Amino acid sequence: GRFSPRQLRGPQHPRCPRTLRALSNPIPFFDLTGEIGPLADELEQAASRVLRSGAFILGPEVTAFESEAAELLNVGHAIGVNSGTDALVIALRAFGIGPGDEVITSPFTFIASAEAIDLVGATSVFADVNPDTYCLDAASVEAAITSKTQAIIPVHLFGHAADMDALNQVAERHGLMVLEDAAQVIGGTYNGRSCGSMGHLAAFSFYPTKNLGACGDGGMITTNDDELADRVRMLRGHGSKGREQHVMVGYNSRLDSLQAAFLRVKLPHLKSFNDGRRAVAARYDAAFASVDGIETPFTAEGIHHVYHQYTVRIPNGRRDAVRAALAEDGIGSMVYYVNPLHTLPVYKAGGGSFPISERLATEVLSLPVYPHLPEADQQRVIAGIQKALA
């Protein structure tokens, strides 16, 4: 969970005395030790329980986790799969999407959101994002719809929900399916509804750095549609309705029993983890309110933000210099996302200009926001930003 000094220090000369002093006590961008440490005994007991059970694929641990997650998210079905990417791919397959179809998503997101579309043989189409929330803009989505469009993938980015009412209205007008990419927002809500409960299907990731992270890869698909749930369960297990009853070509994408057991230990703590992130974010907000040259994250009305990332904007071409200054002080930060997807070689041929996404890519900077970030370390981050912008 801890980033190496090489990752933290950036381009400055590694033998600079100031740099050496800072790196003797670095502040990592992300650190799992504060989360894992208090739960270590329970996690070890969970591992032992699985080992002794001999049930390593699906089985009671996965069934129990799925039930607990479905209750938390207020959905009819939660179905564990191998990863967040697989969750997106299988969800699209459950919709029946394939070659000749188009699916609209954001260019300002991790590549998996679009990659999944291509992996089922469909075509990724991008629409621009809202400049405040960084999530898909409904008007931009509607302008991108063609006769080939079959679905929309709104991405709940950095822990902030997309405008699901507006996006669902667009989808309903045009007869489109909606797949929520909820990889970064578990525990977040939109007007009182859980993220992951508002589309036809939703995809979650349990990558270790997520708000609810496994101790390896893992993912989940949620839905309130019984028929779609049945298709997802078949697709995750080689397209089978039962032993050797293969009715479609599927995948080997089952949530590992060991990871499910670990997730069951951590799930009851999700609210406290998210509350910890929100407390860190609130301290940043207060500290930066009077600092020129930095824009703190926006939260729309009705949104319960869970701060998978605390992402500020530093305009006027100063972002990279600020990041370099933080690195020189031994403070980790990250840029999500350096290259909007439509500018990558694999998508460039599709053309299009998405000015909001392009501008965000030059201004955004994510700061440490993990729930167990020591306040003294956070004060160093704040001081580093203030100094860099002075």
Side-chain angles (χ1 to χ4, degrees), residues 73 75 84-85 87-92 94-95 97 101-117 122 124-145 149-205 210 219-225 228 298-306 308-309 311 336-337 340-342 354 356-357 360:
L73 298 171
V75 292
T85 303
L88 291 165
V89 169
I90 290 171
L92 290 170
F95 286 161
I97 289 172
D101 297 331
E102 294 178 351
V103 179
I104 299 172
T105 194
S106 167
F108 192 65
T109 180
F110 183 58
I111 192 171
S113 305
E115 182 181 43
I117 300 167
S124 298
V125 174
F126 297 115
D128 216 345
V129 298
N130 180 287
D132 296 322
T133 68
Y134 313 157
C135 299
L136 264 184
D137 176 74
S140 184
V141 169
E142 192 149 33
I145 293 171
T149 307
Q150 298 297 319
I152 304 168
I153 302 181
V155 182
H156 302 304
L157 200 69
F158 301 152
H160 189 293
D163 187 353
M164 291 304 298
D165 284 346
L167 290 164
N168 280 335
Q169 288 166 11
V170 170
E172 188 173 349
R173 281 197 294 272
H174 296 273
L176 307 178
M177 304 301 284
V178 176
L179 167 56
E180 296 175 71
D181 184 338
Q184 299 184 10
V185 77
I186 191 164
T189 62
Y190 172 91
N191 292 336
R193 291 171 286 168
S194 292
C195 294
S197 70
M198 295 173 283
H200 297 95
L201 290 169
F204 290 86
S205 169
K210 295 296 192 289
M220 182 175 71
I221 298 167
T222 56
T223 186
N224 286 307
D225 187 306
L228 283 173
F298 173 83
T299 301
E301 185 177 354
I303 302 297
H304 182 77
H305 200 318
V306 293
H308 174 62
Q309 302 294 344
T311 302
Y336 300 109
Y337 296 92
L341 298 184
H342 68 286
F354 305 97
I356 297 171
S357 296
L360 289 174

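Worth saying up front: this structure is predicted, and the values here are computed from it rather than measured.
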Worksheet item: Of all residues at least two apart in sequence or in a different chain, which pass the side-chain hydrogen bond (donor to acceptor under 3.5 Å, both in side chains) check with Gln309?
Response: none
Fill in: Partners meeting side-chain contact (heavy atoms from CB on, under 4.5 Å) with His304 (sequence neighbours left out)
Thr189, Arg278, Val306
Discussion item. According to side-chain hydrogen bond (donor to acceptor under 3.5 Å, both in side chains), who are the partners of Thr311, at least two apart in sequence or on a separate chain?
Written reply: Ser366
Item to complete: Taking side-chain contact (heavy atoms from CB on, under 4.5 Å) as the test, write out the residues that go with Glu102, two or more places apart.
Response: Thr123, Val125, Thr146, Lys148, Thr149
Item to complete: With sequence neighbours excluded, tell me which residues meet salt bridge (Lys or Arg N to Asp or Glu O under 4.0 Å) with Asp165.
Response: Arg193
Worksheet, complete the sentence: Thr222 meets the side-chain contact (heavy atoms from CB on, under 4.5 Å) criterion, sequence neighbours left out, with Leu73, Val75, Ala78, Ala202, Phe204, Met220
Practice prompt. Only pairs at least two apart or in different chains count here, so list each salt bridge (Lys or Arg N to Asp or Glu O under 4.0 Å) that has a residue in residues 125-144.
Written response: Glu142-Arg173
Discussion item. List the residues meeting side-chain contact (heavy atoms from CB on, under 4.5 Å) with Ala114, not counting sequence neighbours, and say none if there are none.
Written reply: Thr105, Ser124, Phe126, Leu341, Tyr347
Worksheet item: With Thr109, which residues qualify under side-chain hydrogen bond (donor to acceptor under 3.5 Å, both in side chains), at least two apart?
Response: Ser113
Less than 3.5 Å apart, which donor and acceptor atoms pair up between the side chains of residues 150-162 and the rest of the protein, not counting sequence neighbours?
from	atom 1	to	atom 2	distance (Å)
His156	ND1	Ala162	N	2.9
His156	NE2	Glu180	OE1	2.8
His160	NE2	Ala300	N	3.0

Discussion item. The criterion is ring pair (Phe, Tyr, Trp, His ring centres under 6.0 Å); which residues satisfy it with Phe110, sequence neighbours excluded?
Written reply: none
Worksheet entry | side-chain hydrogen bond (donor to acceptor under 3.5 Å, both in side chains) partners for Asn168, two or more places apart | none
